[in-house]
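I have placed the structure first, in the form of structure tokens, so that the comments after it can refer back to it.
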Amino acid sequence: MSGVPAGKSNVRLQRTVVDELTVRPGTSAGLGSRSTAATRADWLRPAGLTHAHDVAEHDLVAFRQELASAQELLWASDTWALLVVLQALDAAGKDGTIKHVMSGVNPQGCAVASFKQPSQHELAHDFLWRCTAALPERGRIGIFNRSYYEDVLVVRVHPELLAGRHLPPAAADGDTLWRQRYEDINAFEKHLVRNGTRVVKIFLHVSKHEQRRRFLERLDEPSKNWKFSSADLAERSFFDDYQQAYEEALTATSTPWAPWYVVPADHKHAMRALVGGILVDVVGQLDLRLPSPGPGEQEALHAARRALESEDA
Ligand code: AMP
Ligand code: MG
């Protein structure tokens with residue numbers, strides 16, 4: 001690729017860490033044997049920092065700066081969009097992660113779409129439709145706070161929801177439906193990647209114990225009461241069913257063009273730093289460069305300079 005090379009920084013997650021977090025396509029996600037609590041105090045070993053919390057903070061600041069400049073390059077090179085799909089159980093930290101990881105990025109270059117229970121209007125369309133409409137345009141970063149994956153997660157855990165979805169009879173049949181949806185998702189993401197949207201899918205992996213602690217914190221602290229909904233408690237009783245639905249979905253949809261990353265979520269600082277590091281890693285692979293002006297454009301720039309300089313001061 002021609003153009004001005006982007007200033008490469010050496011703030012990177014170690015390759016072994018990225019590999020460890022990746023669900024290798026064709027292998028099972030193995031959520032049951034993945035840690036929810038790793039802090040990786042030794043990812044980058046910045047001088048003088050020994051506490052996991054400090055290391056994570058240090059790394060997050062560095063990754064945030066990287067992302068901010070990466071977004072400018074994304075915009076200037078006008079070829080790629082970045083779609084970040086964030087999935088997790090309640091209280092795993094999706095909102096906080098978006099806030100802390102993206103806070104350095106120019107708001108003009110970034111948009112967050114949150115997907116709740118679909119409206120009647122949305123249900124009148126196929127399950128990808130509402131997400132398609134929210135995709136980022138070239139040059140931008142789009143974040144999906146939940147996504148079309150809910151249609152193989154919450155709907156899988158609560159198949160009774162299918163009754164309101166107006167599906168044709170053949171598609172409404174149990175196992176076939178989920179297999180077909182995985183296929184549709186894989187094909188959709190391949191289409192996106194081929195057409196210039198890089199897809200980064202991150203599952204924040206929180207333990208049942210830590211979810212309980214965070215719910216209690218929401219109940220105990222008046223300033224956090226608003227975050228608690230009694231529906232969250234009802235969903236918690238399906239915790240194991242969700243793990244199973246995630247296990248199957250991640251296994252079936254981690255592909256060479258759009259792999260899943262599983263990020264331990266019990267320690268918020270470590271989680272945010274890891275998410276920042278993954279995004280920097282993926283953007284780094286795009287090899288973005290500032291567009292360099294061709295000979296005609298160079299001449300136009302010189303002419304503009306001459307015109308400005310010859311103006312009366
Ligand atoms: P929150 O993100 O905590 O505000 O909650 C949004 C809720 O909407 C979650 O309980 C999701 O499971 C639910 N939701 C999101 N997408 C869908 C969908 N396609 N079908 C059913 N429920 C959904
Ligand atoms: Mg919630």
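Because only heavy atoms are used, hydrogens play no part in the values below, and waters and symmetry mates are left out as well, while side chains stay in. For ligands, and for the atoms within them, numbers begin at 1 and follow the listed sequence.
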Please determine if Arg165 and Asp151 form a salt bridge, counting it only when a charged side-chain N lies under 4.0 Å from a carboxylate O.
-> yes
So, Arg34 and Glu20, do they make that salt bridge, N to O below 4.0 Å?
-> no
For ligand 1, find out whether one of its N or O atoms is nearer than 3.5 Å to an N or O atom of Arg146.
-> yes
Where is the nearest protein heavy atom to atom 12 (O) of ligand 1: which residue, which atom, and how far?
-> Glu150 OE1, 2.9 Å
Does the distance from a Lys or Arg side-chain N to an Asp or Glu carboxylate O, for Arg140 and Glu137, drop under 4.0 Å?
-> yes
Residue, atom name and distance, where the atom is the protein heavy atom closest to atom 4 (O) of ligand 1 | Lys116 NZ, 2.5 Å
For atom 20 (N) of ligand 1, closest protein heavy-atom neighbour = Arg165 NH2, 3.0 Å
Nearest protein heavy atom with distance in Å, relative to atom 22 (N) of ligand 1 | Val154 CG1, 3.5 Å
Nitrogen or oxygen atoms of Gln117 and ligand 1 under 3.5 Å apart = yes
Would you confirm whether the ring centroid of Phe203 sits within less than 6.0 angstrom of the ring centroid of Tyr246?
-> yes
Using a strict cut-off of 4.0 Å, indicate which atoms of ligand 1 neighbour a heavy atom of Pro118.
-> 17 (C), 18 (C), 19 (N), 20 (N), 21 (C)
Please say whether Asp151 places an N or O atom under 3.5 Å from an N or O atom belonging to ligand 1.
-> yes
Please find out if less than 6.0 Å separates the ring center of His191 from that of Trp257.
-> no
